Amino acid sequence: MIFRTTSEDSKTRARTGILDLNGVKLNTPVFMPVGTRGVVKTLNTEDLEELEYSLILGNTYHLYLRPGTSVLDQFGGLKKFMTWKGALLTDSGGYQVFSLNSLFKYETDGVRFQSHIDGSRHYFTPGSVIDVQRSIGSDIMMVLDDCAPFDSSPERLRQSLDRTHRWAEMSVEHWEKNKNSQHLFGIFQGGIDLDSRLESLKAIASLPFDGIAIGGLSVGEPRKDFIRILDGISSHTDRSRPLYLMGVGTVPDILDGVKNGVDMFDCVLPTRNARNGQVFTSLGKVNLRNEKWKNSDAPMDPNCQCKVCKRYSIGYIRHLHHVGEITAFSLSTFHNLFFMKNFLSEIQKSIQAGEFLETYARWKNLYEKPEFSG
């Protein structure tokens, strides 16, 4: 087992735990910065170490296309390529096949697609994406699945479940032929239909995966349906394995995930929003491009201890964004990831202290309001 629970909230499904990935031990709930192509945008490996992250995410689709498995094999995997000493999770790339390409075709054993870069033709199977992830050298590999749009017809949802479950079985069979220190997580689907969700969860949980992931949420569905599905599946999840909610990274969504037993999160939102001039603070969201910050010599967050807030004013960082300086992106990204690390740490402590619902209510109140106005 790679996971053990260390404390549980008495009123919700929230818990803390320790995730052991080949000697890299992480406290959960945990947020993973997204390094899609082998880098967290605008930061370097030293920045991630300074921020004390120990788990990041890469993407199989993008790394398969560039730099390619031949380069990754030559360097001995992505971690050596980027000199990363922490743990690594890789998405299977299936979502990117379906979202980035208008030309793809499902087959019984996989999916044919064209590269969004040059139009070249490729074929992903449950086994081939595991082989690519072996070249990448990730500690956690995700299976190939079919993420149907949230508003899919019953027929399309049925196809998604049948395909996801069949591919999951094929993935396990391929994985077990040549097991190494890499761990394999399964993904269940079902859109916003609770019966389909529970059917898919049961099918995926019946297989010997090291962890279970919730796929296909936060893909455009109404938020009430997001919460309804999380609440509906929470009492049916296997508490002996880590539960990963894929692609979720807003403060309210993380709070509702943790409340329903989720242990792991990833999302591009904290880094993407930083590059677009929005930062997360202890007082709420702040739009750095707003004219009202032009003459302010205060930090972005008066309660933040990151090196950016300790040194630079919000007026200066607003100026950098206003004139399009690249430094604006790196400073804002560093701050947002510092915030996320501390936010998850606060959640962990609140669960351990039996005060999760108080923390949940306070942060929900802050982040369901409009932007902090100063």
Side-chain angles (χ1 to χ4, degrees), residues 3-19 26-32 55 150 185 187-198 200-202 204-205 211-267 269-270 280-282 284-285 336 339-369:
F3 178 82
R4 65 179 176 89
T5 299
T6 53
S7 67
E8 295 181 283
D9 181 60
S10 62
K11 299 181 181 70
T12 70
R13 298 281 285 179
R15 64 176 178 177
T16 62
I18 295 177
L19 183 63
L26 303 110
N27 294 317
T28 64
V30 65
F31 176 80
M32 296 174 276
L55 176 61
F150 79 89
F185 278 31
I187 306 171
F188 70 95
Q189 293 289 344
I192 56 175
D193 181 79
L194 183 56
D195 289 339
S196 296
R197 278 284 170 187
L198 293 175
S200 190
L201 172 58
K202 183 178 180 180
I204 297 302
I212 305 294
I214 307 168
L217 276 185
S218 195
V219 292
E221 74 281 353
R223 194 160 193 284
K224 63 180 177 60
D225 290 317
F226 170 85
I227 294 172
R228 177 177 57 82
I229 293 299
L230 281 180
D231 181 67
I233 64 176
S234 64
S235 63
H236 298 270
T237 56
D238 178 1
R239 300 283 277 183
S240 70
R241 290 184 275 191
L243 183 62
Y244 168 27
L245 179 52
M246 304 180 74
V248 167
T250 70
V251 166
D253 287 356
I254 287 175
L255 290 167
D256 282 309
V258 171
K259 184 180 179 182
N260 287 286
V262 175
D263 307 294
M264 304 167 62
F265 302 87
D266 84 276
C267 193
L269 192 113
F280 305 150
T281 78
S282 61
K285 294 174 287 189
N336 270 3
F339 170 90
M340 293 299 291
K341 189 77 165 56
N342 282 272
F343 173 55
L344 270 294
S345 178
E346 182 177 337
I347 288 176
Q348 293 166 15
K349 291 173 183 175
S350 75
I351 296 170
Q352 292 163 350
E355 299 171 352
F356 172 69
L357 283 179
E358 290 85 346
T359 297
Y360 174 93
R362 180 166 55 83
W363 281 105
K364 265 298 193 74
N365 183 55
L366 275 174
Y367 274 78
E368 288 185 344
K369 288 180 178 178

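Since the structure is predicted, the reported quantities are computational estimates derived from the model, not experimental observations. Computed over heavy atoms, backbone and side chain alike; hydrogens, waters and symmetry mates excluded.
At least one donor-acceptor pair closer than 3.5 Å links the side chain of S200 to the backbone N or O of Q189. With hydrogens and angles disregarded, no donor-acceptor distance shorter than 3.5 Å links the side chain of R241 to the backbone of F185.
Applying side chain to side chain donor-acceptor pair (under 3.5 Å) to R15 and the options D263, D9, T28, T6 leaves one that passes, D263. Just one residue in the list L19, I18, L344 forms a side-chain contact (heavy atoms from CB on, under 4.5 Å) with N27, and that residue is I18.
Contact check for F265 versus V258: side-chain heavy atoms found under the 4.5 Å cut-off. The shortest distance between side-chain heavy atoms of M340 and F280 falls below 4.5 Å. Contact of the T12 side chain with the F356 side chain is registered, since non-hydrogen atoms from C-beta on lie closer than 4.5 Å. For the pair F31/F343, no side-chain contact is recorded, criterion being any heavy-atom separation below 4.5 Å from C-beta on. Looking at heavy atoms from C-beta onward, F3 lies out of side-chain contact with M264 at the 4.5 angstrom threshold. Annotation: side chain of I187 is in contact with side chain of M246 (closest heavy-atom distance under 4.5 Å). Counting heavy atoms from C-beta on, the side chains of R197 and H236 never come closer than 4.5 Å. You'll find the side chain of S350 stays beyond 4.5 Å of the side chain of E358, heavy atoms only.
Distance CD1/I192 to CG/L194: 11.0 Å, rounded to 0.5 Å. Separation of atoms OG (S234) and CG (L201) is listed at 10.5 Å; rounding is to 0.5 Å. With rounding to the nearest 0.5 Å, the separation of OG in S282 from CZ in R362 is 9.0 Å. Atom OH of residue Y367 and atom OG1 of residue T281 lie 4.5 Å apart, to the nearest 0.5 angstrom. Atom CD1 of I351 and atom CG of L357 lie 10.0 Å apart (nearest 0.5 Å). In this structure, the separation between OH on Y244 and CE on M32 is 4.0 Å, given to the nearest 0.5 Å.
Between D256 and K259, none of the side-chain N atoms (NZ, or NE/NH1/NH2) sits under 4.0 Å from a carboxylate O, so this pair counts as no salt bridge.
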Next item on the list: Take I233 and N260, measure what side chain to side chain contact (heavy atoms under 4.5 Å, CB included) needs, and give me the verdict at the end.
Entry: CA-CA 8 Å; I233 64 176; N260 287 286; over 6 Å; no
Item checked: Working for salt bridge (Lys or Arg N to Asp or Glu O under 4.0 Å), residues R228 and D225 -> CA-CA 5 Å; R228 177 177 57 82; D225 290 317; 3.0 Å; yes
Notebook entry, point to check: Can you check side chain to side chain contact (heavy atoms under 4.5 Å, CB included) on L245 and L230, steps first, answer last?
Noted result: CA-CA 10 Å; L245 179 52; L230 281 180; 4.2 Å; yes
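A pairwise comparison of heavy atoms in G247 and C267 identifies O-SG, 3.7 Å as the closest pair. The two residues P29 and I347 have their closest heavy-atom pair at CG-CG2, 4.3 Å. Contact detail for G249 and P270: the closest heavy-atom pair is O-CG, 4.2 Å. Taking all atoms of both residues into account, the shortest heavy-atom contact from I212 to I204 is CD1-CG2, 3.9 Å.
Around CZ of R223, the count of heavy atoms belonging to other residues, nucleotides or ligands within 6.0 Å exceeds 12.
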Donor-acceptor pairs are to be reported for all side-chain atoms of residues 213-221 against protein atoms at under 3.5 Å, with residues two or more places apart or in another chain.
from, atom 1, to, atom 2, distance (Å)
E221, OE1, S218, N, 3.2
E221, OE1, V219, N, 2.9
E221, OE2, S218, N, 2.6

